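Index from 1, following the sequence. Since the model is a prediction, treat every value here as computed from it, not as a measurement. Note that these values count all heavy atoms, side chains included, but never hydrogens, waters or copies made by symmetry.
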Amino acid sequence: QVQLVESGGGLVQAGGSLRLSCAASGRTFTSYAMGWFRQAPGKERELVSAIHWGGALTYYADSVKGRFAISRDNTKNTVYLQMNSLKPEDTAVYYCAANAGRLVTNEYDYWGQGTQVTVSS
């Protein structure tokens, strides 16, 4: 029983930054692991980053380590993805997702509508 809405996407030049937000509704937000996925046309959906329900454990894909940072604010029912040093290969639709199960999996339970991130060279 989770609904997710992403925001914060847009167009940015290589080397720039964006901060994505995911607003969640539902009383069980704090019980879910939260993940950020991305998908470009013709490419597989990729788990970019995830954060445990308790916030103590995080995951980052190797391609974004050192550049992206995930966080959550359970008081505001919001998860964030700070994206720095953006590269053209980061261009994709970014999806927020919630999972009652484990952190590192592509089979999340709930999904947002997605927000477009475009990085120009």
Side-chain angles (χ1 to χ4, degrees):
Q1 305 286 49
V2 177
Q3 292 182 323
L4 307 170
V5 180
E6 303 94 336
S7 63
L11 175 64
V12 64
Q13 292 185 342
S17 298
L18 286 172
R19 188 193 192 202
L20 304 183
S21 298
C22 174
S25 62
R27 294 181 177 179
T28 60
F29 175 75
T30 58
S31 299
Y32 287 83
M34 301 295 298
W36 284 99
F37 292 80
R38 67 186 181 187
Q39 187 168 28
K43 304 190 74 174
E44 294 283 337
R45 186 181 64 198
E46 174 189 21
L47 176 62
V48 177
S49 185
I51 186 167
H52 192 259
W53 60 266
L57 299 176
T58 57
Y59 164 84
Y60 296 95
D62 289 341
S63 60
V64 306
K65 285 182 179 177
R67 299 190 298 121
F68 291 9
I70 191 170
S71 61
R72 67 189 297 167
D73 186 337
N74 291 338
T75 301
K76 298 179 179 179
N77 293 332
T78 302
V79 63
Y80 306 94
L81 185 67
Q82 179 67 46
M83 305 186 295
N84 300 320
S85 301
L86 283 162
K87 305 174 181 179
E89 51 263 45
D90 295 319
T91 296
V93 176
Y94 283 71
Y95 297 91
C96 179
N99 198 35
R102 65 192 184 98
L103 200 67
V104 184
T105 177
N106 284 339
E107 304 301 321
Y108 270 52
D109 296 323
Y110 302 98
W111 296 84
Q113 298 299 115
T115 185
Q116 177 71 45
V117 172
T118 302
V119 184
S120 62
S121 60

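- Gln3 CD: 12 or fewer foreign heavy atoms inside a 6.0 Å radius.
- Under the 4.5 Å side-chain heavy-atom criterion for grouping Ile, Leu, Val, Met, Phe, Trp and Tyr, Phe37 is connected to Leu103 within one hydrophobic cluster.
- For the residue pair Val48 and Val64, the shortest heavy atom distance occurs at O-CG2, 3.6 Å.
- Taken to the nearest 0.5 Å, the OG atom of Ser63 stands 4.5 Å off from the CD atom of Glu46.
- Going from atom CH2 of Trp36 over to atom SG of Cys22 covers 5.0 Å, rounded to the nearest 0.5 Å.
- No side-chain donor-acceptor contact under 3.5 Å links Thr78 and Asp73.
- Contacts of Thr105 classified as side chain to side chain contact (heavy atoms under 4.5 Å, CB included), with partners at least two apart in sequence or in another chain: Asn99, Arg102, Glu107, Tyr108.
- Atom CZ of residue Arg72 and atom CE of residue Met34 lie 6.0 Å apart, to the nearest 0.5 angstrom.
- Here the CD atom belonging to Gln113 is positioned 13.0 Å from the OG atom belonging to Ser7, to the nearest 0.5 angstrom.
- Sorted pairs that involve residues 55-87 and meet ring pair (Phe, Tyr, Trp, His ring centres under 6.0 Å), not counting sequence neighbours, are lacking altogether.
- Within the model, atoms OG of Ser49 and CD of Gln82 stand 12.0 Å from one another, a figure rounded to the nearest 0.5 Å.
- Between the side chain of Arg45 and the backbone N or O of Asn106, at least one donor-acceptor pair lies under 3.5 Å.
- The distance from the OH atom of Tyr95 to the CG atom of Leu20 is 13.0 Å, given to the nearest 0.5 Å.
- Here the closest non-hydrogen pair linking Leu47 and Gly35 is CD1-CA, 4.5 Å.
- By the side chain to side chain contact (heavy atoms under 4.5 Å, CB included) test, Val119 pairs with Val12, Ala14, Leu86, Pro88, Asp90, Thr91, Val117, sequence neighbours left out.
- Here the closest heavy-atom approach between residue Cys96 and residue Leu4 is recorded as O-CD1, 3.6 Å.
- Residues Asp109 and Val2 form no side-chain contact, since every pair of their non-hydrogen atoms from C-beta on lies 4.5 Å or further apart.
- Met83 places a side-chain heavy atom less than 4.5 Å from the side chain of Leu18.
- By the 6.0 Å and 45° rule, Arg38 does not stack over the aromatic ring of Tyr94.
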